[in-house]
Each structure stands twice: as structure tokens, then as C-alpha cells.
Amino acid sequence: MIDLRSHYEAHGQGHVFAHFDSLSTTEQQALLEQAAAIDLSEIASLYESLVKGGGAKDDSLLEDLEPADYIPLPGHREDANASLWRDAVLKGEAALRTGRVAAFTVAGGQGTRLGFEGPKGTYGVTPVLNKSLFQVFAEKILAASKIYGRPVPWYLMTSVLNHEETVSFFERHDYFGLKAERVHFFTQGFMPAVDAEGRILMSGKGEIALSPDGHGGALRALVRSGSIRQMEADGVDILSYFQVDNPLVRCLDPTFIGFHLMNESELSSKMVPKAYPGEKVGVFCEKDGKTLVMEYSDLPPELTNATGPEGKLRFRAGSIAIHLFNRDFIDRIGGGDDEGARLPFHLAHKKVPYVDASGTRHEPETPNAYKFEMFVFDALPFARNPVVIETERSDDFSPVKNAEGVDSPRTCRDDQLRQFSRWAQAAGIDLRTDETGLPPFTFEVSPLFADNASRFKKAWDALPHKPVLTDGLVLV
Ligand code: UTP
């Protein structure tokens with residue numbers, strides 16, 4: 001104990017133990033465990049380079065930066081090849097039938113922008129039943145398990161801050177019909193928040209202010225938790241990665257999986273053309289023969305707004321955080337075997353309540369703390385044969401990020417309604433929508449009824465008594 005305390009003092013972090021003697025034995029033990037798990041040299045060097053160094057942008061990154069190429073949807077570009085898309089879906093379906101693919105949700109974030117107490121996956125999003133995000137994904141995974149004749153495993157990454165609540169939510173809802181032994185939870189790593197002087201912040205007298213280490217922490221957490229070995233034992237070699245906030249996502253998309261396999265890719269990604277130049281999404285780029293995602297804030301306005309020959313944005317391939325990872329690739333990167341392939345940390349300036357050395361609690365009104373996070377897309381430059389394919393935004397992406405405005409519960413609900421309406425219209429149902437595609441009333445289609453247009457038509461045609469589409473109707 002003395003050793004750990006003097007180690008902290010030597011690093012200028014002795015205040016972490018300021019109240020140690022007033023804590024109960026259990027609290028002391030908990031603090032010691034937290035403190036022992038922190039690499040103080042790493043924190044000091046991140047503070048030096050990212051906070052003190054001002055997170056200085058490396059302009060050489062922009063030299064010779066080119067837009068990354070992607071596989072365009074049929075009809076979306078002159079060189080688009082529809083037969084390739086037909087081959088891909090067959091390949092992907094075969095992989096799903098042999099049980100090679102697992103679903104993977106990163107759900108360790110804090111969801112501060114939404115301002116919802118509790119794990120974000122428990123937030124209700126569907127238009128009529130207000131089903132939680134977790135339930136929507138569970139039903140999509142259940143539907144895929146039925147279609148392909150194999151129970152699809154589901155891995156979920158939580159954080160120490162929301163793990164117990166997440167697991168008990170699933171238990172309370174009986175895993176939404178999935179087999180409990182097929183749903184695997186594991187927690188991601190954490191990092192302490194520091195103040196402007198690099199001092200570790202305390203969230204209580206005996207508690208360090210910890211936050212999850214970013215979605216990029218998924219790679220090492222998959223390895224550390226043993227999840228990767230579980231996958232191996234189950235014959236799973238591809239992970240279908242999606243975020244907890246996007247109920248539109250095709251959790252297990254055979255076409256995407258097919259392209260991943262046909263190209264022998266280690267890490268594949270989906271893109272949508274940016275809706276407008278300033279849209280806050282990362283952009284797929286290429287540099288020195290490597291694919292990478294450039295954050296919107298790092299792309300200078302002259303590149304953000306640059307247009308090509310047809311007047312289209314040059315850097316238009318927006319990243320929507322949907323990927324396929326090979327298990328071996330995760331092992332290599334997340335296992336730290338390849339020292340050159342460590343994911344960098346990024347800086348976030350946030351409001352973090354804290355207790356000072358005198359024991360007084362502060363609730364800051366402006367950002368007071370720095371957090372360190374890794375981003376999963378930083379793994380891209382290390383991947384062999386990375387593939388980027390285009391997808392329709394309306395069929396894959398409508399995240400719930402903010403309480404109001406763009407990417408809010410309201411926009412997400414409307415996007416679900418538009419999707420259900422398109423499916424209904426394609427099945428020949430007489431449904432009038434407004435110029436944005438919204439129906440005049442609210443209804444809902446369960447993923448267990450259908451999860452795409454062709455399955456909707458099949459399920460609808462098979463109904464012996466067709467209901468009238470009205471307000472509040474739920475097709476299950
Ligand atoms: P966001 O970047 O939207 O962050 O996460 P967030 O924490 O959910 O929300 P804000 O920024 O506090 O409002 C994108 C996805 O990555 C996951 C989130 O759960 C979400 O699915 N994530 C993020 C993690 O799993 N761990 C992290 O450390 C950060």
C-alpha cells in the first residue's frame with residue numbers, strides 16, 4: 001500500500017489518497033484496486049502530448065490525402081457492378097448459415113448528449129411500442145437466427161459504469177427471446193479524467209473519476225475478456241460491429257459480409273455520401289496506400305468543401321460506424337502483439353463533477369476535465385485489404401445522439417416510420433406519405449415480422465387476414 005501511495009506521490013498524484021485514512025476498509029480496498037489499475041506514466045505522457053502540447057494537429061497528415069475509394073451501390077456510379085452485389089449477398093448468406101458471424105454492439109458509452117439516466121441501450125425508440133434499442137437489436141438477431149437456421153451469438157461491450165444495469169435489463173426481459181448463453185457481455189477498459197494541470201480527478205473521497213476508454217477500447221477488451229477465445233470455440237471468425245444508438249442498422253447484412261469475404265478484408269466499413277459538406281461524420285480517406293477515417297474536425301474547410309468533376313463533394317464517403325472485423329485481426333491489434341499497431345488516444349474536454357482535496361464537491365458548469373479515448377476506426381490503417389461499401393442511409397443509419405434536433409429520438413422515430421412506409425408501399429399497400437416519406441399516422445413493424453422490403457412483402461402476402469394500416473398498428 002505504501003508503495004502505491006509513494007508511487008502516486010512521485011508522479012504528483014498524491015492527492016488521490018488525501019482522504020484515505022477517513023475511508024472504511026472496504027472503501028480503502030476499492031480505491032487501492034482502482035489506483036493499481038492506472039498506468040501513471042501513460043497518463044503523464046498523454047497529458048504532455050495531448051493537453052500541454054495542445055493536441056497539436058499534425059499537418060503532414062493532410063499531405064497527399066486522397067478520398068478513399070468505395071464500392072458503389074448499383075446505379076449510383078458509372079462503374080457500379082450489379083452482378084458483384086448479387087454474388088456478395090449469396091456469399092454472405094452462406095457465411096451466416098455456417099455460423100461464422102457474430103453480432104457485436106459497443107454499449108459502453110456514457111450518452112451524455114442524450115442526457116438519459118441509465119445505459120443508452122435501454123432507451124425506448126420505436127414509434128408505437130417504444131421498444132428499447134437493445135430489444136430492437138435482439139429481435140433483428142433473433143430474426144437472422146431463424147432465417148439462417150443458426151443461433152447468432154451476440155457480444156456486447158459495456159463499461160464499469162453501466163455493466164450491472166445492462167445485464168439486469170436483459171435478465172428482466174428474459175433476453176428478449178434470445179438464448180442467454182448466446183449473449184456475451186464484457187466490460188471495456190477505463191481511463192482517469194485529469195484537470196488542466198494533469199491531476200487525476202476524484203469523483204468521491206475514495207473514488208477516482210473514471211471514464212470508459214472509447215469504442216477503440218473494444219479491440220483490447222475483446223482479447224482481455226477472453227471473448228475472442230469464446231468466438232474461436234464457437235467457430236465465429238467475423239464480428240459485425242455496430243453502435244448502440246442506431247436502431248436502423250442491419251445488424252447482420254449478408255451483402256456486406258459477402259464483400260468482406262470476397263475481398264479477403266480484415267476490416268470492412270460502410271459509407272454513405274455526406275448529406276452536406278459540414279455534416280459531422282468522419283470521412284474515409286487514403287494516404288500512402290492506407291485507408292483511414294479523418295474526423296470532420298480535422299479536415300480543413302478547403303478539403304471539406306472541395307468538389308470533383310461532377311460537382312460532387314470530393315471527400316464525401318461518410319463513416320457511419322458500421323464495420324466487420326476478422327477475429328484474427330482483433331487478436332493481432334487488441335492483443336498488443338504488434339507494437340506498431342497500437343491505437344492512439346484522442347482528447348475530449350468535458351464537464352466532470354469532482355471532490356477536491358478539502359473534500360468539497362464541485363459541479364462544473366463548463367468543461368473542466370480531459371478524458372482520453374481510443375476510436376475503433378483508427379484500426380483501419382493496420383488492416384489488410386480494407387473494403388468500404390456504399391449503403392443507403394435510409395436503410396442503415398439514424399442514430400440517437402442528442403436530446404433534440406439532429407440525430408434525436410424524434411428524427412430516429414421518423415426515419416423508422418419512413419422505412420416501414422417504404423416497405424408497405426413496395427408490397428403494394430395503398431399508403432399515402434408526405435413529400436418526406438412520412439405516413440399520416442404512426443405504426444410499427446417488428447423485426448420478427450420483417451426486417452427488409454422483400455421479407456415484408458413475403459410476410460404481408462402470407463397474412464390470411466390483412467389488417468388495415470391505421471394509427472397504432474403493430475405488425476408482429
Ligand atoms: P458516442 O461517440 O456517441 O459516445 O459513442 P457516447 O458516450 O455514447 O455519447 P456522448 O458522446 O457521451 O453523448 C458511439 C458508440 O460507441 C460506444 C457508445 O456506447 C456508442 O454505441 N462507446 C463510446 C463505447 O462503447 N465506449 C466508449 O468508451 C465510448
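One-based numbering, in listed order, for ligands and for the atoms of each. If you read the sequence from its start, that first residue is 1, and numbering goes on from there.
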Please check if any side-chain donor atom of [X] sits under 3.5 Å from a side-chain acceptor atom of [Y], or the reverse.
{"X": "Gln135", "Y": "His173", "value": "no"}
{"X": "Asn368", "Y": "His362", "value": "no"}
{"X": "Lys350", "Y": "Gln110", "value": "no"}
{"X": "Asp356", "Y": "His15", "value": "no"}
{"X": "Thr391", "Y": "Arg250", "value": "yes"}

Mark up the atoms of ligand 1 that fall under 4.0 Å of a heavy atom belonging to [X], in ascending order.
{"X": "Lys401", "value": "1 (P), 3 (O), 14 (C)"}
{"X": "Gln188", "value": "24 (C), 25 (O), 26 (N), 27 (C), 28 (O)"}
{"X": "Gln243", "value": "14 (C), 15 (C), 21 (O)"}

*Looking only at non-hydrogen atoms, which of Gly216, Ala321, Gly111, Pro212 approaches atom 6 (P) of ligand 1 most closely?*
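Looking at heavy atoms only, Gly111 sits closest to atom 6 (P) of ligand 1.
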
*Run the salt-bridge test on Lys270 and Asp253 with the 4.0 Å N-O cut-off and return the result as yes or no.*
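Salt bridge: yes.
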
_Regarding Arg327 and Asp331, does a basic nitrogen lie under 4.0 Å from an acidic carboxylate oxygen?_
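Looking at Arg327 and Asp331, the cut-off is not met.
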
Could you find the nearest protein heavy atom to [atom] and give me its residue, atom name and distance?
{"atom": "atom 16 (O) of ligand 1", "value": "His215 CD2, 3.4 Å"}
{"atom": "atom 21 (O) of ligand 1", "value": "Val106 O, 2.7 Å"}
{"atom": "atom 24 (C) of ligand 1", "value": "Gly109 N, 3.2 Å"}

Under 3.5 Å between some N or O of ligand 1 and some N or O of [X]?
{"X": "Tyr241", "result": "no"}
{"X": "Val244", "result": "yes"}
{"X": "Gly108", "result": "yes"}
{"X": "Gln110", "result": "yes"}

*Would you say Gly214 contacts ligand 1, with heavy atoms under 4.0 Å as the rule?*
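Heavy atoms of Gly214 do come under 4.0 Å of ligand 1.
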
